[in-house]
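Inspection log for the structure reproduced underneath, given as structure tokens.
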Amino acid sequence: MADFGELGEKLAGIRNEIAEELIKIKDSKSVYEYRKSVMDGKTGKVGSLMREMGKIPAEMKAEYGKRVNEMKNWVQERFEEIDARLKAEEMRRRYESEKIDVTMPSKKREHGNLHPNTLVRNQIVDIFGSMGFDIYEGTEIETDYYNFTALNTPQDHPARDMQDTFYLSPEFLLRTQTSAGQIHVMEAKQPPIKIISPGKVFRSDDDATHSPMFTQMEGLVVDKGITLCDLKGMLDVFVQKIFGENTKTRLRPSYFPFTEPSVEVDVSCFQCGGCGCRLCKGTGWIEVLGAGVVNKKVLEGCGIDSDVYSGFAFGIGIERIAMLKYGINNIKLLFGSDLRVLSQLDD
Ligand code: PHE
């Protein structure tokens, strides 16, 4: 190094180069990397200047050191300045992109709900469960014997016409009523018997209030001294829990081959309280289920002594209860998948 003029030029050259390079840099990460390469003690343009001290004549060393230090300070300041500016800019952009508008309306979360049939079935199961009933689940395919004959409805009995049947073969059919389960239970067990039996049943029937497939809940109680009064008392509790505390029941004579006497059970209209409205067709009463005292012939056929034991049975249509409770006028709406309908039926 001949004199300071030459050193001055060299340092000025480095300064210009760095200044030009810094103009091109657009982000703080590049500033960091460029700074590392410039300041590197071995290879960096600025970092390596001190290593050249050895080549500097002794009398010039002090001045050389001073100038190199000034240079270093200048470079550090530039880097810090530009680093601070870019970081501030980056932070501002980040805040901008992550900003949350708390005044925006929130997204509505869709959630599923239980089907009205399931809600009603669960509620009925809970009510009878709390009265000590067990659950018996039968099969959807039955024999003609269990679905009809054992229920005192032999071949060619006119009552078979009430339930238009899907036969799979002369022997097998899709059960038309959960009453078929009564026979299985009574064959398998001596009284006391106290069961409910929910399940799908099938009839060739199709209009606004009938569907070829629907759901029933059978009830059966057999024990010593069971009478129609027990049925009425139990049904009173049941309908009050389902339709409200002020609901009353009314029994009308009816006919089922497997019960004697047989009744149709009405409840006082829970919408108008009995004065008459569209729901009860002006009568103040709504029919909800069929029931009766178990026919002695049925008990005997299952090997139960009808002089010792007696019982009552009832059959509830789940869809009918769901339609009444939720104000649905077409049974098809319960079996469709229209979410506009189903989402309104949340309890
Ligand atoms: N099984 C009858 C029906 O489907 C209802 C019923 C059940 C009637 C039990 C009396 C006793 O219509």
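First listed ligand is number 1; within each ligand, the first listed atom is number 1.
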Legend entry - Any F312 heavy atom less than 4.0 Å from ligand 1: no

Legend entry - Sub-3.5 Å N/O-N/O distance, Q182 and ligand 1: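 In fact, backbone or side chain, Q182 has no N or O that close.
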
Legend entry - Q216-ligand 1 polar pair, N/O distance under 3.5 Å: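 Indeed, backbone or side chain, Q216 has an N or O that close.
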
Inset, instruction - Note the single closest protein heavy atom to atom 12 (O) of ligand 1, along with its residue, its atom name and the distance in Å. - result: F256 CE2, 3.7 Å

Legend entry - Protein residue, atom and distance nearest to atom 2 (C) of ligand 1, heavy-atom basis: Q177 OE1, 3.7 Å

Decide, yes or no, whether a salt bridge links [X] with [Y] under the criterion of side-chain N to carboxylate O below 4.0 Å.
X: E89; Y: R92; answer: yes
X: R252; Y: D266; answer: yes
X: K232; Y: D236; answer: yes
X: E300; Y: K296; answer: no
X: E80; Y: R35; answer: yes
X: D206; Y: K332; answer: yes

Region of [X] that comes within reach of ligand 1 [heavy atoms, distance under 4.0 Å]:
X: R203; value: side chain
X: A291; value: backbone
X: F314; value: backbone
X: M162; value: neither

Per-atom contacts of ligand 1 with [X], taking only distances under 4.0 Å to non-hydrogen atoms:
X: G315; result: 6 (C), 7 (C), 9 (C)
X: A313; result: 9 (C), 11 (C)
X: G290; result: 6 (C), 8 (C), 10 (C)
X: S179; result: 1 (N), 7 (C)

Inset, instruction - State yes or no: are the ring centers of F238 and F314 separated by less than 6.0 Å? - result: no

Inset, instruction - For the pair E96 and K99, evaluate salt bridge (Lys or Arg N to Asp or Glu O under 4.0 Å) and give the outcome as yes or no after the intermediate values. - result: CA-CA 5 Å; E96 188 63 33; K99 140 172 117 177; 3.4 Å; yes

Inset, instruction - Please work out which of the three classes, parallel, tilted or perpendicular, describes the rings of Y255 and H157, given edges at 30° and 60°. - result: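 Parallel.
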
